[in-house]
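Okay, structure first, notes after.
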2 protein chains.
Amino acid sequence: MKKEALSSSSSGCKTRILAIKDTMEILTGKWKFHIIGSLMLFEKLRFMELLREVDGIGAKMLSKELQDLEMNHLIRRTVLNTKPLTVEYELTDCGRTLGPIIDEIAKWGITYRKTLYHKSETSESLV
Amino acid sequence: MKKEALSSSSSGCKTRILAIKDTMEILTGKWKFHIIGSLMLFEKLRFMELLREVDGIGAKMLSKELQDLEMNHLIRRTVLNTKPLTVEYELTDCGRTLGPIIDEIAKWGITYRKTLYHKSETSESLV
DNA sequence: GGTATTAGTTTCCTTAAAGAAACTACTTTC
DNA sequence: GAAAGTAGTTTCTTTAAGGAAACTAATACC
């Protein structure tokens, strides 16, 4: 057996690893998936509605996360000319393309729980 | 228009949000995807090989992340009875089910970069 | 004028994540 | 016996993430 200097430098691999890094950097943190998930469900939500909908988040975090998502063109922020001034957040077309990722992640989480339960291997994690 | 007390408590939604939270907790951190990706590519890797393959990781981090992944039954650790003692890491069947998620994430990252480039909107992030 | 609602920002603080370097312990080779 | 390779662990330090509470500023209602 010949010993080869392994390392995934083989053309497409680096692009792939970079792409994964990109995606995860954009979706990093405790709240992004929850916020995006809520906006997929409700189409449009105002700041206060998001604050109530995304369970446990504080105003500072929400504000910061929304700015991040807007910077990356995943959501759109619209100031409405209403009496006490309201702001609407919604997914952009680009943001909506995250659907399949979120679906896969949700799907995996559900079947993972099931396999844990079936094996009933002294469920350490996921209580 | 009737105002309803929105909040995604509608049966399946909570399970979905919980499932997403589960998955992201398991795959949290800077390195998990990279480690899993490497093990998908090479089947079996020893500690030192992973240390060289996963670019930038330190021994402490690698050790910790491998323990996390093993606890969650995503990888298997096998001590080989060799001369200077080697340890082999590989994905379990369960770990291999992460394939579709990683594929979706990689796919999204690649097309996201492309749309950024096409729009050429003063590329702030992703340099 | 006092209270409430909107959408945040600011300040202060705690905890978690990550990294660098040194160290253990065993074996093999020179 | 010194050097190098195996697989980690320990210690110490820095940085990033996250949270609670108070605060701003505009408008509306009573």
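So you know, we letter chains A, B, ... as the sequences are listed, proteins then strands, and number each from 1.
For Gln67(B), the side chain to side chain contact (heavy atoms under 4.5 Å, CB included) partners are Ser63(B), not counting sequence neighbours. With sequence neighbours excluded, the residues satisfying side chain to side chain donor-acceptor pair (under 3.5 Å) with Thr86(A) are Thr82(A). Scanning for side chain to side chain donor-acceptor pair (under 3.5 Å) contacts around Lys21(B) gives an empty result, with sequence neighbours left out.
For the pair Leu45(B) CG and dT6(D) C1', the interatomic distance rounds to 15 Å; values are reported in whole Å. At whole-Å resolution of the value, CZ in Phe47(A) and C1' in dT24(D) are 14 Å apart. Ile75(A) places its CD1 atom 13 Å from the P atom of dA7(C), with the value rounded to the nearest Å. Computed from coordinates, the Leu80(A) CG to dA26(D) C1' distance equals 16 Å when rounded to whole Å. Put simply, CZ on Arg52(A) is 10 Å from C1' on dT6(C), counting in whole angstrom units. Rounded to whole Å, atom C1' of dG8(D) lies 11 Å from atom CG of Leu66(B). Atoms CG (Leu51(A)) and P (dA7(C)) sit 9 Å apart, rounded to a whole Å. As a whole-Å value, the separation of Leu62(B) CG from dT10(D) P is 16 Å.
Closest non-hydrogen pair, Arg113(A) versus Asp22(B), comes out as NE-OD2, 2.6 Å. Considering all non-hydrogen atoms of both residues, Leu116(B) and His73(A) come closest at CD2-ND1, 3.9 Å.
Within 4.0 Å (heavy atoms only), Gln67(A) reaches sugar-phosphate atoms of the nucleic acid but no base atom.
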Full working for side chain to side chain contact (heavy atoms under 4.5 Å, CB included) between Ile26(A) and Tyr112(B): CA-CA 11 Å; Ile26(A) 289 169; Tyr112(B) 179 74; 3.3 Å; yes
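Closest to the side chain of Val87(B), out of dT6(C), dA7(D), dT9(D), is dA7(D).
Taking 4.0 angstrom as the limit, Ser63(B) places none of its side-chain polar atoms (N or O) nearer than this to OP1 or OP2 of dG8(D). Contact annotation: Thr86(A) side-chain N/O to dT6(C) OP1/OP2 distance is not under 4.0 Å.
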Distances under 3.5 Å only, N/O to N/O: pair up the protein atoms with those of nucleotides 24-30 of chain C.
unit_1  : atom_1 : unit_2   : atom_2 : d
dT27(C) : O3'    : Lys83(B) : O      : 3.4

Would you tabulate the nitrogen or oxygen pairs shorter than 3.5 Å linking the protein to nucleotides 16-22 of chain D?
unit_1  : atom_1 : unit_2   : atom_2 : d
dG18(D) : OP1    : Lys30(A) : N      : 2.9
dG19(D) : OP1    : Lys30(A) : NZ     : 2.8
dG19(D) : OP2    : Trp31(A) : NE1    : 3.0
dG19(D) : N7     : Lys60(A) : NZ     : 3.1
dG19(D) : O6     : Lys60(A) : NZ     : 2.2

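Taken from CZ in Arg46(A) to CG in Leu85(A), the straight-line distance is 10.5 Å, to the nearest 0.5 Å. With rounding to the nearest 0.5 angstrom, the CH2 atom of Trp31(B) is 9.0 Å from the CE atom of Met61(B).
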Would you be so kind as to tabulate the donor-acceptor pairs closer than 3.5 Å made by side chains of residues 94-108 of chain B, with sequence neighbours excluded?
unit_1    : atom_1 : unit_2    : atom_2 : d
Arg96(B)  : NH1    : Asp93(B)  : OD1    : 3.0
Arg96(B)  : NH2    : Leu91(B)  : O      : 2.9
Thr97(B)  : OG1    : Trp108(A) : NE1    : 2.9
Thr97(B)  : OG1    : Cys94(B)  : O      : 2.4
Asp103(B) : OD1    : Arg16(A)  : NH1    : 3.4
Asp103(B) : OD1    : Arg16(A)  : NH2    : 3.0
Glu104(B) : OE2    : Lys107(B) : NZ     : 3.2
Trp108(B) : NE1    : Thr97(A)  : OG1    : 2.9

